Number of protein chains: 2
Amino acid sequence: MGATKTEHFTDKQNAIATLAKALGHPARVAIIEYLMKVDACICGDIVNELPLAQPTVSQHLKELKNAGLIKGSIEGNAICYCIDENALSILQSYFATISDNLERKKINCC
Amino acid sequence: MGATKTEHFTDKQNAIATLAKALGHPARVAIIEYLMKVDACICGDIVNELPLAQPTVSQHLKELKNAGLIKGSIEGNAICYCIDENALSILQSYFATISDNLERKKINCC
DNA sequence: TTTTTATATTGCAATATTACGATAAATAAT
DNA sequence: ATTATTTATCGTAATATTGCAATATAAAAA
């Protein structure tokens, strides 16, 4: 098969899975971290920062964009990418909630 | 190809990507949420909770275990699974750090 | 001991992902 | 107008993932 059975899961579960999947590759984690580091929207540069060919980087950027993790706007003949804060705040609050619950329960039976 | 070039990225980036990838499927998100909900280690039940065949669920559990998100211990003829708090706390603090940085910067140029 | 219960493994088909060379498209610079 | 620069898309090969039926394994129950 290879196709995910999304229809059986909740919208929230699918949304989290989509965001997580987009970060499920080190190059895409590196892109997010680079966008954080440079402290600004980046027009270009990303290809030079990564050990991957330009079409590959372009593809990774597209996936991050499709997942909603980054935004891109055309700026002359370059494209300006930056992090979508909303998506990251969804992930932040999701994992904060889980960690809080685990902290409160302290099951620890395994 | 299809194989990820992990060797060019930092250990941290690969670690985050591995955890994120493991959560990049709604069934695996659902498993984590179920383990949270039942408030205990679960021996069995997981297969009945998911709309997937037993071998498929077993495979998803294996991937969560390989990524370090859950632990499993043999309990008679059943297996007792529970969340590995450490892995979730890594994700929690990673996204908290990113969100904090974004909050502080407020770039918002795209 | 045979049967049941719970989980894992194997094998396979369908599809998705990763990576890149070649090329296109679109604006900027000369 | 031509050339350079920047990014996207196409095509394709290699590999990975998803899902399940069939089967194996191993302990519990009968």
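First the proteins, then the strands, lettered A, B, ... as listed; each starts at 1. Quick caveat, the model's predicted, so the values are computed rather than measured.
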Exercise. Looking at every strand, decide which applies to K65(A) at a 4.0 Å heavy-atom threshold: base, sugar-phosphate, or nothing.
Key: nothing
Quiz item: Nearest-Å distance, CD (E63(B)) to C1' (dA16(C))?
Solution: 14 Å
Quiz item: Between I74(A) (CD1) and dT27(C) (P), how many Å, whole number?
Solution: 8 Å
Quiz item: With under 30° as parallel and over 60° as perpendicular, where do the rings of H60(B) and H25(B) fit, or are they tilted in between?
Solution: tilted
Quiz item: In residues 22-29 of chain B, which ones come under 4.0 Å of DNA chain D, going by heavy atoms?
Solution: H25(B), R28(B)
Self-check item: Nucleotide dA16(C), atom C1' - distance to CG of N66(A) in whole Å
Solution: 14 Å
Self-check item: Whole-Å gap separating P (dT18(D)) and NE2 (H8(A))
Solution: 15 Å
Quiz prompt | Donor-acceptor contact present, side-chain T18(A) to main-chain N14(A), <3.5 Å | solution = yes
Quiz item: Between T56(A) (side chain) and L52(A) (backbone), is there a donor-acceptor pair under 3.5 Å?
Solution: no
Practice problem: Consider the side chain of Y81(A), meaning its heavy atoms from C-beta on, and name the nucleotide among dA16(D), dA16(C), dT7(D) that approaches it most closely. | Solution: dT7(D)
Quiz item: Can you check the L64(A) CG to dT7(D) C1' distance for me, whole Å?
Solution: 16 Å
Self-check item: Among dA27(D), dA8(C), dT5(D), the nucleotide that comes nearest once only the side chain of I79(B) is considered
Solution: dA8(C)
Quiz item: What do you reckon, is CG of N48(A) surrounded by more than 12 foreign heavy atoms closer than 6.0 Å?
Solution: yes
Quiz item: Can you tell me if R28(A) uses its side chain to pair, donor with acceptor, with the backbone of A22(A) under 3.5 Å?
Solution: yes
Quiz prompt | Nucleotide of dT15(D), dA28(C), dA27(D) approaching N77(B) most closely (side-chain heavy atoms) | solution = dA27(D)
Practice problem: Write down the distance between NZ (K62(B)) and C1' (dA16(D)), rounded to a whole number of angstrom. | Solution: 14 Å
Quiz item: Can you tell me how far C1' of dA8(C) sits from CD1 of I46(B), to the nearest Å?
Solution: 14 Å
Practice problem: Send over the distance from L61(A) CG to dT17(C) P, rounded to a whole Å. | Solution: 16 Å
Quiz prompt | Selection: residues 51-60 of chain A, any non-hydrogen atom under 4.0 Å of DNA chain C | solution = L52(A), A53(A), P55(A), T56(A), Q59(A), H60(A)
